[in-house]
2 protein chains.
Amino acid sequence: MLRFVDLVSGKWAIPILYRLIVSGGPIRFSELQRAVAPITQKELTRHLRAFERKGLVERTVHAEVPVRVEYRVTGLGLTLEQPLAALADWADAHSARLGGGH
Amino acid sequence: MLRFVDLVSGKWAIPILYRLIVSGGPIRFSELQRAVAPITQKELTRHLRAFERKGLVERTVHAEVPVRVEYRVTGLGLTLEQPLAALADWADAHSARLGGGH
DNA sequence: CAGTATCCACAGGGATACTG
DNA sequence: CAGTATCCCTGTGGATACTG
């Protein structure tokens with residue numbers, strides 16, 4: 001198996017991506033930050049930039065005041081839906097038991 | 001989605017786990033290290049200890065000379081097979097395209 | 001063989017302040 | 001609002017040497 005971690009890495013990468021995928025449509029920066037709380041602005045920005053570079057996420061800036069920036073997954077990003085959903089289901093089912101292991 | 005990364009974290013976590021899962025039976029430390037090369041002893045040990053604490057992996061020491069230590073996934077660890085396989089498939093299919101984005 | 005013990009480098013990540 | 005810019009700390013991870 002190749003290093004999946006090299007493709008989607010970082011503490012918040014999976015939560016962000018999964019949130020973007022399940023949200024369906026475009027989602028604003030602030031809305032995304034609330035959804036993936038307690039992530040910091042810096043980290044959210046960093047991850048989103050990385051996703052953009054990899055073609056997983058698209059960024060749209062609306063020239064309004066105040067500025068509105070929206071993010072949405074690309075077709076490529078959507079192909080992660082099944083794998084991430086499987087992971088999410090697993091985490092939901094076993095997180096209680098695994099949490100004690102620190 | 002909960003923090004999957006908190007449950008299975010680290011550069012080598014997924015490669016190690018996936019290797020243990022697909023190998024089916026017990027696998028020795030050195031064998032595992034070769035399979036997940038170029039991981040260092042230290043990192044392999046660290047991850048294996050973490051998996052043990054979480055009940056994902058079992059460790060068996062055979063009192064021989066030289067010592068033989070074998071690892072195998074538990075039933076709980078095996079439940080990760082489908083999610084990780086999905087991830088592996090995805091990585092195989094898209095790693096070429098995503099590699100350029102660094 | 002299968003570790004443990006050190007030392008060390010660096011990226012990830014948090015907190016805070018500032019800006020177009 | 002959606003960032004950028006700093007400062008700083010911690011964990012991750014590599015290299016190397018040593019041991020039951």
Side-chain angles (χ1 to χ4, degrees), chain A residues 1-17 19-20 23 25-54 56-73 99 101-102, chain B residues 2-17 19-20 23 25-54 57-73 99 101-102:
Chain A
M1 170 181 201
L2 294 171
R3 305 281 164 59
F4 170 76
V5 183
D6 288 345
L7 305 178
V8 179
S9 70
K11 182 175 178 181
W12 302 96
I14 292 183
I16 296 171
L17 261 181
R19 177 71 206 186
L20 282 165
S23 83
I27 179 171
R28 301 186 61 165
F29 184 88
S30 52
E31 192 180 350
L32 190 53
Q33 185 176 9
R34 260 178 282 110
V36 194
I39 191 174
T40 61
Q41 281 192 333
K42 174 186 164 185
E43 289 304 304
L44 180 53
T45 302
R46 250 192 51 215
H47 281 97
L48 286 171
R49 295 287 177 277
F51 293 151
E52 275 188 85
R53 271 187 285 110
K54 293 174 180 176
L56 296 172
V57 167
E58 272 179 7
R59 177 176 182 263
T60 310
V61 181
H62 298 269
E64 308 170 0
V65 178
V67 181
R68 178 165 51 104
V69 179
E70 289 180 329
Y71 295 89
R72 63 183 189 111
V73 289
H102 289 300
Chain B
L2 296 171
R3 304 280 165 61
F4 169 76
V5 184
D6 288 345
L7 305 179
V8 180
S9 70
K11 181 175 177 182
W12 301 97
I14 292 183
I16 295 171
L17 261 182
R19 178 68 205 189
L20 282 165
S23 83
I27 178 171
R28 302 186 60 164
F29 184 88
S30 52
E31 193 180 350
L32 190 54
Q33 185 175 8
R34 259 178 281 112
V36 194
I39 192 175
T40 61
Q41 280 193 333
K42 173 186 165 186
E43 289 305 305
L44 181 53
T45 301
R46 249 192 52 217
H47 280 96
L48 286 172
R49 293 286 177 281
F51 292 151
E52 274 188 85
R53 269 188 285 113
K54 293 173 181 175
V57 167
E58 271 178 7
R59 178 176 181 262
T60 311
V61 181
H62 298 269
E64 307 171 359
V65 179
V67 182
R68 176 166 51 106
V69 178
E70 289 181 328
Y71 296 88
R72 65 186 188 109
V73 287
H102 289 296

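Naming convention: chains lettered A, B, ... in sequence-line order (proteins, then strands); numbering from 1 in each chain.
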For a quick test of reading the model: is some side-chain N or O of [X] closer than 4.0 Å to OP1 or OP2 of [N]?
X	N	answer
B:Y71	C:dG3	yes
A:T45	D:dG3	no
A:K11	D:dG11	no
B:R34	C:dA2	no
B:R28	C:dA2	yes

To the nearest angstrom, how far is [X] atom [atom1] from [N] atom [atom2]?
X	N	atom1	atom2	result
B:I39	D:dG13	CD1	P	8 Å
A:H47	D:dG3	NE2	C1'	17 Å
B:Q33	C:dG3	CD	C1'	10 Å
A:R49	D:dA5	CZ	P	11 Å
A:L44	C:dG12	CG	P	16 Å
A:Q41	C:dT19	CD	C1'	12 Å
B:I16	C:dA2	CD1	P	15 Å
B:L32	C:dA2	CG	C1'	12 Å

Between A:R59 and A:K42, which residue's closest nucleotide on DNA chain D lies nearer the 5′ terminus?
A:R59
Using a 4.0 Å heavy-atom cut-off across all strands, classify A:H62 as base, sugar-phosphate, or nothing.
nothing
Sugar-phosphate only, base, or nothing, as touched by A:R46 at under 4.0 Å among non-hydrogen atoms:
base
If you define the side chain from C-beta out and look only at heavy atoms, does anything of [X] sit under 4.5 Å from [Y]?
X	Y	value
B:V57	B:L20	yes
B:V36	B:L44	no
B:V73	B:F51	no

Return the minimal non-hydrogen interatomic distance between A:P26 and A:R72, and the atom names on each side.
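Looking at all heavy atoms of both residues, the shortest contact is CA-CB, 4.0 Å.
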Which atom pair, heavy atoms only, marks the closest approach of B:W12 to B:E43?
CD1-CB, 4.3 Å
Between D:dA2, C:dG14, D:dG14, spot the one nearest the side chain of B:E43, thanks.
D:dG14
Given D:dG3, D:dG13, C:dG14, which nucleotide is nearest the side-chain atoms of A:T40?
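Closest of the options to the side chain of A:T40: C:dG14.
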At what angle, to 10 degrees, do the two end axes of the helix from C:dC1-D:dG20 to C:dG20-D:dC1 meet, given five pairs define each axis?
50°
For A:E31 and A:R34: C-alpha separation, side-chain torsions, deciding distance, then whether salt bridge (charged side-chain N to carboxylate O under 4.0 Å, His left out) applies.
CA-CA 5 Å; A:E31 192 180 350; A:R34 260 178 282 110; over 6 Å; no
Would B:E70 and B:R68 count as a salt bridge (charged side-chain N to carboxylate O under 4.0 Å, His left out) here? Give the steps.
CA-CA 7 Å; B:E70 289 181 328; B:R68 176 166 51 106; 3.2 Å; yes
Rounded distance [0.5 Å steps], CD1 in A:I39 versus OG1 in A:T45:
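If we round to the nearest 0.5 Å, A:I39:CD1 and A:T45:OG1 are 8.5 Å apart.
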